[in-house]
Peer 1: 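Quick one: structure below, then a few questions.
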Amino acid sequence: MKPRLKRISDQVIVLTGATSGIGLVTARKAAARGARLVLAARNEEVLKLLARELAGKGADVTWVTADVGIEDDVRRIADTALQRFGRFDTWVNNAGVGMFGTNEESSLEDKQRLFDTNYWGVVHGSLFAVRHLKRHGGALINIGSGFSDRATSLQGIYAASKHAVEGYTDSLRMELEEEGAPVSITLIKPASVDSMFISHAKNLMDVEPRLPPPVYAPDIVADAILYAAAHPKRDIEVGAAAKLLAVAEYAMPGLLDSVMQRVMPALQRTNRPPHPRDQDNLYSASQDGIERDDMAEPVLESSLYTNALMHPKTTGAVLLGAGIALAAIWQANRTE
């Protein structure tokens, strides 16, 4: 059965990781478009402030303090949505944590904690979501990464968790399609994003980390999430860099190994001293209520590639028009 998704203005959307970065931008954009929201995160204070902000602009919002790595917490998110609104139409598994350092120096405890959030949080959320969506229809959106398809050094355990998210999402999608369930499942795979990733990541290096360029605005990811909530889509890469990385991994993995071994360590290190190591959000909420890290590197505010995925007809028309214009200019120059 082909999923029939509602307009954003008619939806109840559950969103985890709602208090910073991509989640915060998505919450604000969804509220502005008339969605009713169930916001979840670990930071109760910021959740209250965000709910008050959005309600002050006319949005219908409720919130749940929850750690997605704990199954009972995720159950409370689903129960709250059903108690408040009687349903939900889209569930977005956005909560995530990061870590910089080699695989050998990071502790097993830290690795397991990262997987609790990044992988098991997606599993918990997906299972509670599809239990409801199989009966009523709707969208499940999981946030992966450009590193879902290709790992890198210094973010090994993060990349491993995103590989796992992709594998789980793909297998769940196939099972539901075989059942004929009216559920759209989308994996969003962003390249580097100017969210709060650097500020929140646990850092084991002797310098402040940075994200490998190009870096994209979190608004592009939020737009992709809301597009997937209303339009069935298997995958959406945010930024052409994410797609190019996946293509290179498929076409020339050995050569890509060599290139990344040479360039990625330097691209992920700055010459600045690291921020205090107790400021990360691996085990508990840290600095929230902020959309961007305000990185020193340039940030791309749009992506032609991602826009083409979401609006192929419009983008095709623009490219065709540009091609016709260039051909006319070329022809005019020839006849002069």
Peer 1: Should the pair H231 and Y227 be assigned to parallel (<30°), tilted (30 to 60°) or perpendicular (>60°) ring geometry?
Peer 2: parallel
Peer 1: Evaluate the side-chain contact (heavy atoms from CB on, under 4.5 Å) criterion for residues K29 and D223: first the C-alpha distance (whole Å), next the side-chain angles of each, then the deciding distance (0.1 Å), finally the verdict.
Peer 2: CA-CA 8 Å; K29 283 178 173 282; D223 289 342; 3.2 Å; yes
Peer 1: Find the distance between OG1 (T169) and CG (N142) and round it off to the nearest 0.5 Å.
Peer 2: 4.0 Å
Peer 1: To the nearest 0.5 angstrom, please state how far the CH2 atom of W91 sits from the CZ atom of R131.
Peer 2: 10.0 Å
Peer 1: Find out whether Y158 and N118 are in side-chain contact, i.e. whether some heavy atom of one side chain is under 4.5 Å from a heavy atom of the other.
Peer 2: yes
Peer 1: Give a yes or no on whether a salt bridge exists between R33 and D10, defined as a side-chain N under 4.0 angstrom from a carboxylate O.
Peer 2: no
Peer 1: Between R76 and D73, is there a salt bridge with N-O shorter than 4.0 Å?
Peer 2: yes
Peer 1: Quick check: do P213 and L267 have side-chain heavy atoms less than 4.5 Å from each other?
Peer 2: yes
Peer 1: Decide yes or no for D235 and T186: does some side-chain heavy atom of the first lie under 4.5 Å from some side-chain heavy atom of the second?
Peer 2: no
Peer 1: Under 6.0 Å from the CD atom of E45, do we count more than 12 heavy atoms belonging to anything else shown?
Peer 2: no
Peer 1: What are the two closest heavy atoms between V221 and I188, and how far apart are they?
Peer 2: CG1-CG2, 4.1 Å
Peer 1: Is atom NZ of K243 surrounded by more than 12 heavy atoms (other residues, nucleotides or ligands) closer than 6.0 Å?
Peer 2: no
Peer 1: Distance from D72 atom CG to D67 atom CG, nearest 0.5 Å?
Peer 2: 11.5 Å
Peer 1: Under 6.0 Å between ring centres: does that hold for Y216 and Y305?
Peer 2: no
Peer 1: Please step through side-chain contact (heavy atoms from CB on, under 4.5 Å) for the pair V207 and N271, ending with a clear verdict.
Peer 2: CA-CA 6 Å; V207 295; N271 56 7; over 6 Å; no
Peer 1: Looking at L309, is its backbone amide N or carbonyl O close enough to the side chain of K233 to form a donor-acceptor pair, meaning the two atoms are under 3.5 Å apart?
Peer 2: yes
Peer 1: Among the clusters formed by ILVMFWY side chains lying less than 4.5 Å apart, do L140 and I13 turn up in the same one?
Peer 2: no
Peer 1: Does G17 offer a backbone N or O that forms a donor-acceptor pair with the side chain of N94 under 3.5 Å?
Peer 2: yes
Peer 1: Return the minimal non-hydrogen interatomic distance between I8 and L226, and the atom names on each side.
Peer 2: CD1-O, 3.5 Å
Peer 1: Would you say the side chain of S126 lies within less than 4.5 Å of the side chain of V123, judging by non-hydrogen atoms?
Peer 2: no
Peer 1: Judged by atom type as modelled, is there a donor-acceptor pair below 3.5 Å linking the side chain of Q11 to the main-chain atoms of K6?
Peer 2: yes
Peer 1: With the side chain counted from C-beta on, respond yes when Q155 and M264 share a heavy-atom pair under 4.5 Å apart, and no when they do not.
Peer 2: no
Peer 1: As an exercise, state the distance from CH2 of W63 to CG of L15, rounded to the nearest 0.5 Å.
Peer 2: 15.5 Å
Peer 1: Between S286 and N281, which heavy-atom pair has the shortest distance, and what is it?
Peer 2: OG-CB, 3.4 Å
Peer 1: Are the side chain of T26 and the backbone of I22 linked by a donor-acceptor contact shorter than 3.5 Å?
Peer 2: yes
Peer 1: Please identify each residue that fulfils side-chain hydrogen bond (donor to acceptor under 3.5 Å, both in side chains) with R87, with sequence neighbours left out.
Peer 2: D89
Peer 1: Any donor-acceptor pair under 3.5 Å linking the side chain of S20 with the backbone of I290?
Peer 2: no
Peer 1: Taking all non-hydrogen atoms of both residues, which atom of F100 and which atom of L211 are closest, and how far apart?
Peer 2: CZ-CD2, 4.2 Å
Peer 1: Using modelled atom types only, decide if a donor and an acceptor are shared between the side chain of H200 and the backbone of D280 within a distance under 3.5 Å.
Peer 2: no
Peer 1: Quick check: is L245 connected to V263 through a chain of hydrophobic side chains (ILVMFWY, heavy atoms under 4.5 Å apart)?
Peer 2: yes
Peer 1: Any donor and acceptor pair, going by atom type alone, linking the side chain of E105 with main-chain N or O of T102 inside 3.5 Å?
Peer 2: yes
Peer 1: Check this for me, if you would: do R272 and E208 make a salt bridge, where the nitrogen-to-carboxylate-oxygen distance has to be below 4.0 angstrom?
Peer 2: no
Peer 1: Give a yes or no answer on whether the side chain of T306 reaches the backbone of G239 with a donor-acceptor pair at less than 3.5 Å.
Peer 2: yes
Peer 1: Which heavy-atom pair separates A27 from L50 by the least distance, and what is that distance?
Peer 2: CB-CD2, 4.3 Å
Peer 1: Applying a strict under-4.5 Å side-chain criterion to I, L, V, M, F, W and Y, I'd like to know whether I157 and L108 cluster together.
Peer 2: no
Peer 1: Hey, are R234 and D170 close enough for a salt bridge, meaning a charged N less than 4.0 Å from a carboxylate O?
Peer 2: yes
Peer 1: Assess whether side-chain contact (heavy atoms from CB on, under 4.5 Å) is satisfied between S199 and H275, documenting all intermediate values.
Peer 2: CA-CA 8 Å; S199 295; H275 61 264; 5.8 Å; no
Peer 1: First locate atom CD of E179, then atom CD of E177, and finally report the distance between them rounded to the nearest 0.5 Å.
Peer 2: 11.0 Å
Peer 1: According to a 4.5 Å side-chain heavy-atom criterion applied to Ile, Leu, Val, Met, Phe, Trp and Tyr, with indirect links allowed, do I70 and V97 form part of one hydrophobic cluster?
Peer 2: no
Peer 1: On a heavy-atom basis, which atom in V215 and which in D194 lie closest, and how many Å separate them?
Peer 2: CG1-N, 3.5 Å
Peer 1: Check the pair Q287, Q279 against side chain to side chain donor-acceptor pair (under 3.5 Å), reporting the backbone distance first and the verdict last.
Peer 2: CA-CA 8 Å; Q287 188 180 24; Q279 290 184 3; over 6 Å; no
Peer 1: Mind checking whether N93 and I143 have side chains closer than 4.5 Å, heavy atoms only?
Peer 2: no
Peer 1: Taking E166 first and then K162, would you say they form a salt bridge - that is, a charged N and a carboxylate O separated by under 4.0 Å?
Peer 2: no
Peer 1: Is it the case that more than 12 heavy atoms not belonging to E301 sit under 6.0 Å from its CD atom?
Peer 2: yes
Peer 1: Between D219 and R292, does a salt bridge (charged side-chain N to carboxylate O under 4.0 Å, His left out) hold up when you go through it step by step?
Peer 2: CA-CA 10 Å; D219 302 67; R292 301 194 185 196; 2.9 Å; yes
Peer 1: Is the closest side-chain heavy-atom distance between R150 and L256 below 4.5 Å?
Peer 2: yes
Peer 1: Report the distance from atom CG of D293 to atom CZ of R210, rounding to the nearest 0.5 Å.
Peer 2: 14.0 Å
Peer 1: Just wondering, are more than 12 heavy atoms of other shown residues or ligands nearer than 6.0 Å to CZ in R7?
Peer 2: no
Peer 1: Determine, stepwise, if the pair R42 / D288 fulfils salt bridge (charged side-chain N to carboxylate O under 4.0 Å, His left out).
Peer 2: CA-CA 10 Å; R42 293 176 295 180; D288 280 326; over 6 Å; no
Peer 1: Using a 3.5 Å distance criterion without hydrogens, assess whether the side chain of T16 forms a donor-acceptor pair with backbone atoms of A95.
Peer 2: yes
Peer 1: In this structure, are over 12 heavy atoms from other groups packed under 6.0 Å from K111 atom NZ?
Peer 2: yes
Peer 1: Go through it in stages, so that I can follow the logic: the residues are M174 and I185, the test is side-chain contact (heavy atoms from CB on, under 4.5 Å), and I'd like the CA-CA distance, side-chain angles, deciding distance and then a yes or no.
Peer 2: CA-CA 10 Å; M174 288 187 289; I185 299 184; over 6 Å; no
Peer 1: Give the ring-plane orientation class for H132 versus F88, where under 30° counts as parallel, over 60° as perpendicular and anything between as tilted.
Peer 2: tilted
Peer 1: Take R113 and D110 through the salt bridge (charged side-chain N to carboxylate O under 4.0 Å, His left out) test and state the conclusion after the steps.
Peer 2: CA-CA 5 Å; R113 177 57 185 169; D110 286 350; over 6 Å; no
Peer 1: Side chains of K134 and L176: does their closest heavy-atom pair fall under 4.5 Å?
Peer 2: yes
Peer 1: Is there a continuous path of hydrophobic side-chain contacts, each under 4.5 Å between heavy atoms, that joins L37 to F85?
Peer 2: no
